Amino acid sequence: MIALADCNNFYASCERVFRPNLNDKPVVVLSNNDGCVIARSNEAKVLGIKMGEPAFKSRDIFDRNGIHVFSTNFALYGDFSNRVMSILSDSVPSIEIYSIDEAFMNFRGIPNQEEFAIELRKKILQWTGIPISIGIAPSKTLSKVANSIAKKKRKNGVCILMDKHETLEYLKLFPVSNLWGVGRKFSKMLEKNGIHNAYELTQKSDNWLQKYMSIVGLKMVKELRGESCFDMVNGWSRKKSIMTSRTFGHEIDNFKGLAQALSTYASMCAAKLRKEKSCAKSIHIMIFTNPFKQNYRMNYKASKTIILDTPTNDGLEIVSRCIDALRSIYRPDCIYKRAGVIVSDIVPQSQVQLTFFHQHADIEKRHHLMAAVDKLNDGFGRMKVRFAINGFEKKWHLRQEKLSPCYTTRMSDLLRIKY
DNA sequence: TCTGGGGTCCTAGGACCC
DNA sequence: TCTGGGGTCCTAGGACCC
């Protein structure tokens with residue numbers, strides 16, 4: 001069985017820990033620059049405050065109802081998250097931290113699972129001050145459903161879905177749009193096809209599901225039927241991309257200002273890479289004007305990708321590459337509201353990726369390639385190899401275990417070796 | 001006046017090769 | 001010279017999650 005622990009109204013609950021007088025009072029937390037609502041206490045939800053709603057639209061409701069409004073404090077939320085997760089991980093065989101406020105837990109081998117979960121929940125509340133809900137079921141998707149029931153309908157904050165018939169009855173009451181994996185678009189499409197609740201979705205054929213909702217949608221429905229398709233992911237895994245982006249407090253209308261903002265984000269990305277002991281080979285920059293303003297001088301968004309020869313996590317290098325790229329997409333007639341940097345094609349820091357370049361067909365022979373690798377190891381420097389011969393590629397893959405991991409790009413094949 | 005920030009995965013379609 | 005089929009790789013964009 002898989003259990004999902006989910007902190008209730010997480011950011012709002014964190015703020016309340018130090019302000020117990022706010023228990024039972026409506027609390028909201030706003031995003032960066034106090035732009036929009038990103039967390040609400042139950043009392044605030046009852047007042048009709050919507051998730052993601054721009055704060056300026058809700059000011060009235062805030063004032064009229066004496067809602068307590070907080071700006072974000074992500075350092076605080078991160079600390080609380082760590083505490084909750086470490087208690088969870090000490091209590092069960094294994095956990096998968098899914099987000100800042102959620103974790104899947106492996107409940108296999110635990111007797112009296114419901115009792116166990118109730119006690120676990122008490123412990124978390126007592127030790128951290130954060131209320132959580134726990135849903136237990138045979139699959140991740142069903143544990144999401146169970147968690148939702150636990151939050152809304154269970155006083156003890158725990159719901160277990162074991163019995164198949166009982167589960168189906170719950171699914172009949174569960175709106176399809178609330179399912180994990182069904183967003184706005186799918187929700188609309190499903191309604192159009194007369195599917196309103198989760199049970200109705202489970203009745204569709206596998207072919208239909210795959211056709212209209214891709215393989216992911218099919219797996220999700222199989223999970224609803226009780227078959228586990230999404231495995232627990234144990235342990236830490238290297239991020240595939242890292243992003244830093246912000247909406248500016250004030251709009252920016254000059255190159256220097258934009259370059260400054262991008263420099264900050266680029267060095268933040270580099271710092272995150274170093275913290276993970278990773279290097280990136282691709283850098284992506286993005287700049288935006290305000291999309292909510294019609295005909296505001298000009299609506300413009302642009303992006304540019306930079307591919308590096310050698311992966312790096314060096315702040316100065318990443319910053320300078322970003323600024324170079326900015327020159328090619330910057331338009332002086334625009335007013336900018338937002339910018340960001342993404343680094344991707346991430347590899348471990350301990351490995352260096354090397355690019356070879358060859359002009360002679362005979363390099364396809366293994367010993368020539370190995371000689372080239374040796375030269376590199378001897379500090380010969382960087383060479384570039386371009387594999388124009390199709391046959392070579394096949395041989396390459398056959399020996400992948402010797403040279404692995406490797407992968408290709410359009411212009412050149414890349415080889416990663418221990419430095 | 002004021003509209004978040006950070007991720008993952010899948011697919012369709014184009015370029016290119018033989 | 002033209003055409004078609006089979007294959008790989010890459011990218012952009014779209015969907016989803018919190």
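Every chain is numbered from 1 and lettered A, B, ... according to where its sequence line falls, protein lines coming before strand lines. Predicted model only: the values in this text are computed from it and were never measured.
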Just N and O in the side chain of A:T247: are any of them under 4.0 Å from OP1 or OP2 of B:dG5? yes

Q: Using a heavy-atom cut-off of under 4.0 Å over every strand shown, decide if A:R59 touches base, sugar-phosphate, or nothing.
A: nothing

ask   = Side-chain N or O of A:K240 less than 4.0 angstrom from OP1 or OP2 on B:dT8?
value = no

Does the side chain of A:N207 pick up a donor-acceptor pair with the side chain of A:K211 at under 3.5 Å? no

Between A:N32 and A:K219, whichever has its closest DNA chain B nucleotide further toward 5' is A:N32

Exercise. Measure from the side-chain N and O atoms of A:S133 to the backbone N and O of A:N147, and report whether any donor-acceptor pair falls under 3.5 Å.
Key: no

- [ ] Answer with base, sugar-phosphate or nothing: what part of the nucleic acid does A:I97 contact at a heavy-atom distance below 4.0 Å?
- [x] nothing

Next on the checklist: Angle between ring planes, A:F107 versus A:F116, binned at 30° and 60°: parallel, tilted or perpendicular?
Outcome noted: perpendicular

Practice problem: Assign A:D101 to base, sugar-phosphate, or nothing according to its heavy-atom contacts below 4.0 angstrom with the strands shown. | Solution: sugar-phosphate

To the nearest angstrom, the CZ-C1' distance between A:R246 and B:dC2 comes to 18 Å

In whole angstroms, the gap separating P of C:dA15 from CG of A:L209 amounts to 18 Å

Next item on the list: Scan A:I215 against the nucleic acid and name what it touches under 4.0 Å (heavy atoms): base, sugar-phosphate only, or nothing.
Entry: sugar-phosphate

Separation of B:dC9 atom P from A:L218 atom CG, nearest Å, is 18 Å

> With a 3.5 Å cut-off and no angle check, do the side chains of A:S58 and A:E53 form a donor-acceptor pair?
Replying inline: yes

Identify whether any heavy atom of A:V37 sits under 4.0 Å from a base atom; if not, whether one sits that close to sugar-phosphate; answer base, sugar-phosphate or nothing. nothing

**Asked** Hey, are A:S344 and A:K240 close enough side-chain-wise for a donor-acceptor pair under 3.5 Å?
**Response** no

When rounded to whole Å, the CD1 to P distance for the pair A:I342 and C:dT11 reads 14 Å

note: A:N147, atom CG; C:dC17, atom C1'; distance rounded to Å ~ 15 Å

### Task
Classify the nucleic acid contact of A:F74 as base, sugar-phosphate or nothing, counting any heavy atom under 4.0 Å across all strands shown.
nothing

### Message
Any base atoms under 4.0 Å from A:I242, or only sugar-phosphate, or nothing? Heavy atoms, all strands.
### Response
sugar-phosphate

Whole-Å distance, A:F10 CZ to C:dC17 C1', equals 17 Å

- Query: Is there aromatic stacking of A:F292 against B:dT3, centre distance under 5.5 Å, plane angle under 30°?
  - Reply: yes

From the candidates B:dT3, C:dC17, B:dG4, the one with an atom nearest any side-chain atom of A:I38 is B:dG4

Whole-Å distance, A:F186 CZ to C:dC16 P, equals 6 Å

Whole-Å distance, A:K281 NZ to C:dC10 C1', equals 11 Å

message = Roughly how many Å apart are B:dC16 and C:dG4, using the C1' atom of each and rounding to a whole number?
response = 15 Å

Categorize A:E53 for me: base, sugar-phosphate, or nothing, with a 4.0 angstrom heavy-atom threshold over every strand shown.
nothing

Think A:K293 has a side-chain N or O under 4.0 angstrom from the OP1 or OP2 of B:dC2?
yes

Exercise. Base, sugar-phosphate alone, or nothing: which one does A:T305 contact when heavy atoms must sit under 4.0 Å apart?
Worked result: nothing

Q.
Looking at A:H196, is its backbone amide N or carbonyl O close enough to the side chain of A:E200 to form a donor-acceptor pair, meaning the two atoms are under 3.5 Å apart?
A. yes

Step through it carefully: locate the ring centre of A:Y330, locate the ring centre of A:Y336, and say whether they are under 6.0 Å apart.
yes

_Side-chain N or O of A:R338 versus OP1/OP2 of B:dT3: is the shortest distance under 4.0 Å?_
no

Paired to C:dG6 by Watson-Crick or G-U wobble criteria (both distances under 3.5 Å) is B:dC17

When you check the phosphate oxygens OP1 and OP2 of B:dG6, does a side-chain N or O of A:S245 lie under 4.0 Å from one of them? yes

query: Contact class for A:K337 (heavy atom, under 4.0 Å): base, sugar-phosphate, or nothing?
result: sugar-phosphate

Contact under 4.0 Å: A:S241 side-chain N or O vs B:dT8 OP1/OP2:
yes

For A:K144, answer base if it contacts any base atom (sugar-phosphate contacts may also be present), sugar-phosphate if it contacts only those atoms, and nothing otherwise; contact means non-hydrogen atoms under 4.0 Å. sugar-phosphate

Winner on side-chain proximity to A:Y98, out of C:dC16, B:dC2, C:dC18, is C:dC18

